[in-house]
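Read through the structure below, which is laid out as structure tokens, and then see the notes.
Each chain gets a letter, A, B and so on, in the order the sequences are listed, and its residues count up from 1.
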Amino acid sequence: MKDLQYVILKKENLDGFISRMSRLRKVSAPVAKGNGEYAFEEVDSSDRIELKYKPTIMPPKKYFMPQEETLLEFSTAKGLATKPVVEYEKMTLFGVHTCDLAGIQCLNAVFSVRPRDYNYLTRKRQIDIIGLECGDYCDEHASCSMVSAHMPSGGYDLFFTDLGDYFIVHMNTQAGEEMIEATKCFESAEETHFDDLQSFRKKKRDTFKSEVQIEPRFIPGLFDACFESSIWKELDAKCLACGNCTNVCPTCYCFDIIDEVGLDLKNGKRYRKWDSCQLEPFAKVAGGENFRKERAARQRHRYYRKFRYPVAKYSKFFCTGCGRCSRSCMAGIHLKDTLNALIKESDSKIWKKWL
Amino acid sequence: MEKVVIKDSNYRIRKGKILRTKQLTKLEKLFEIALDGGESLDQEPGQFVMVSIFGVGEAPISVCSSPTKRGSFELCVRDAGKVTGAMHRLEAGDEIGIRGPYGKGFPIRILEGNDLLMVAGGLGIAPLRSLIKYAFDNRRDFGKIHIMLGCKTSDDLLFEDELNQWFKRMDVHYECTVDRAASDWDGHVGQITTLLPGVHLETERTFAIVVGPPVMYKFVLRELIKKNIPENQIILSFERHMKCGMGKCGRCQIQNLYCCQDGPVFNYADIKNMSEAL
């Protein structure tokens, strides 16, 4: 099998590729931050890049939907004048795992649905993505196989699979081909390379098994049955409502819109900033009512926004199995545990029906 | 980071000029606003706009005038937060930012030809007034019109001069009640639910449109169901603190629904089992 969509990059040429790319535009890649943590940061060579890393503290969402982003500039100096703006940066993201590719695909779906969000879409068009395949689990919190985000399924320009001495690279888009042409570090892929890739994937399929004992097709039904579950009450007792889980989630995108005026009191900007459904005032209205007052209702909302509501609207799960929410939770609320508890509870419900 | 001006931003603001203001009660003020360049707002009764006070922020406010009113629209604003507080300091001639209209309004095409039972509690009269005015301006398109209004005290009554006209109209059945009466009040006293049992309705051709605070819905709905109004002929409008108005920011989400896009007007049959709705 000879496939023109594949090329290879020898490991010793990785540095050449990254440094050449970084001369063309900003390149961001995972680097070690100590304490076993990683983050996407700007690089100009392959020295700091970690090829084996557990999901970064913040997902690449931070480039697509920055924590703060100006939407509008205004001036009240001579009557009211406003200027809608979009901030963007041409860049290449290197080393994005399949879970985070799935996260970006979720955000794309949200902001492409009408009314489209031109701020997001304009910025997204300026970012090229190079994926990197995992051959093994990063840690015990990952549940990527449950939502089938452990295998590549698009959403990248180039996709690297580490096969020892070299990477086999899938070219998915024109932008990807242009990167390969511009850097001239790649060689064509031969039969043996495909054999290597196949045995890599075979081994991978044996390693990755669904982390939760439920088939994906039953997950929406599980959530339909569990809205009044006592599990949410248990989360209520644990949750500190800090909002860590939503901040680090690759598919959480809720935001607040805030005005800021300069010291001249005439010129200012309107920006959006990440918000969190886990925070107490999120669903509060001027009349004083709070529609998700209890932490149980807010935690439940978070889980339904991952496993139930987006299935109806976008035909996707908005959980990529990256495990960040579980890793960052100070109260030890773990996504896999919650799902297993729901499954256990609904099993007993079904069993009771037979009595 | 580069920055460019974009033409098709969703956050583009239309400039509006305040033509007239009127202090309705201590807390509520009415604003009549015209868009710059004579642009039309093109709203449906029941829709809302995002109002900008630059430097303070944006707030969702329902339009309280009918689209049959040309050239300008009205907002009835309660001083309840940062933005609405700043709005209260504005007067005729001041400029204001408008985004929208957003949301699904009252289902006019479905309501036409039927009797309307409109129930408003407190500030709920503001969104409902857009439909009342529309129905008055197209009176022949509707059957009987009942308006039931409830308020805390007679000092909280909004649009008082208009209410007196509604009371005098022969083609409208209007009643009003206050929870606590002052000595000069000669109308009903009691919760809004006390008005409903006395209304004679042809239930199969009556649509009930209810707008008010969440606590009111629970009691009014019980009365409506008791009167055998079918669930899919009950229309509600909800308050949520929208930030974007475009189904993205997540603030107004009621389970899988976005109040700003799927609402704020809902059919009771569609949302009656949703725990976060009321």
### Query
Parallel under 30°, tilted from 30 to 60°, perpendicular over 60°: which one fits the rings of F255(A) and Y11(B)?
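Ring orientation, 0 to 90° scale: perpendicular.
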Sort out for me which of [options] touches chain A most, counting heavy-atom pairs under 4.5 Å.
options                          : value
R78(B), Q255(B), M246(B), E95(B) : Q255(B)
A59(B), G81(B), S52(B), P60(B)   : S52(B)
H241(B), E2(B), M1(B)            : E2(B)
E58(B), R12(B), R251(B), K7(B)   : R251(B)

Under 4.5 Å from a heavy atom of chain A, the part of [X] involved:
X       : result
Q261(B) : side chain
T84(B)  : neither
Y258(B) : side chain
A277(B) : backbone
K15(B)  : side chain
V56(B)  : backbone
C244(B) : both
L123(B) : neither
L257(B) : neither

Pair [X]-[Y], side-chain donor/acceptor within less than 3.5 Å:
X       : Y       : value
K26(A)  : T92(A)  : no
E32(B)  : S72(B)  : yes
D259(A) : Y271(A) : no
Y217(B) : R222(B) : no

### Message
Going by ring pair (Phe, Tyr, Trp, His ring centres under 6.0 Å), F227(A) matches just one of Y304(A), F307(A), Y303(A). Which one?
### Response
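Answer after filtering Y304(A), F307(A), Y303(A): Y304(A).
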Greatest number of heavy atom pairs closer than 4.5 Å to chain B - which of [options]:
options                            : answer
K313(A), E289(A), R300(A), E260(A) : E289(A)
C252(A), A283(A), A286(A)          : A286(A)
T122(A), T82(A), V285(A)           : V285(A)
R292(A), E87(A), R270(A), H301(A)  : R270(A)
N119(A), T70(A), V261(A), I257(A)  : I257(A)

### Query
Are any of the side-chain nitrogens in K243(B) or D256(A) under 4.0 Å away from the carboxylate oxygens of its partner?
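Answer for the salt bridge query: yes.
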Which region of [X], side chain (C-beta onward) or backbone (N, CA, C, O), has a non-hydrogen atom less than 4.5 Å from a non-hydrogen atom of chain B, or is it both or neither?
X       : answer
K269(A) : neither
R308(A) : neither
Q126(A) : neither
N267(A) : neither

### Task
May I have the step-by-step check of ring pair (Phe, Tyr, Trp, His ring centres under 6.0 Å) for F111(A) and Y253(A), ending in yes or no?
CA-CA 10 Å; F111(A) 291 109; Y253(A) 55 88; 5.7 Å; yes
### Task
Might you confirm whether atom CD of E69(A) has over 12 heavy atoms from other residues, nucleotides or ligands at distances under 6.0 Å?
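Yes, because the 6.0 Å sphere around CD of E69(A) holds more than 12 heavy atoms from other groups.
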[Y] six-ring face occupied by [X] cation (under 6.0 Å, within 45°):
X       : Y       : answer
R240(B) : F291(A) : yes
R129(B) : F159(B) : yes
K62(A)  : W274(A) : no

### Message
Could you check whether any side-chain N or O of W232(A) sits under 3.5 Å from a backbone N or O of R295(A), counting only pairs where one atom can act as donor and the other as acceptor?
### Response
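Between the backbone of R295(A) and the side chain of W232(A) there is no qualifying donor-acceptor contact (under 3.5 Å).
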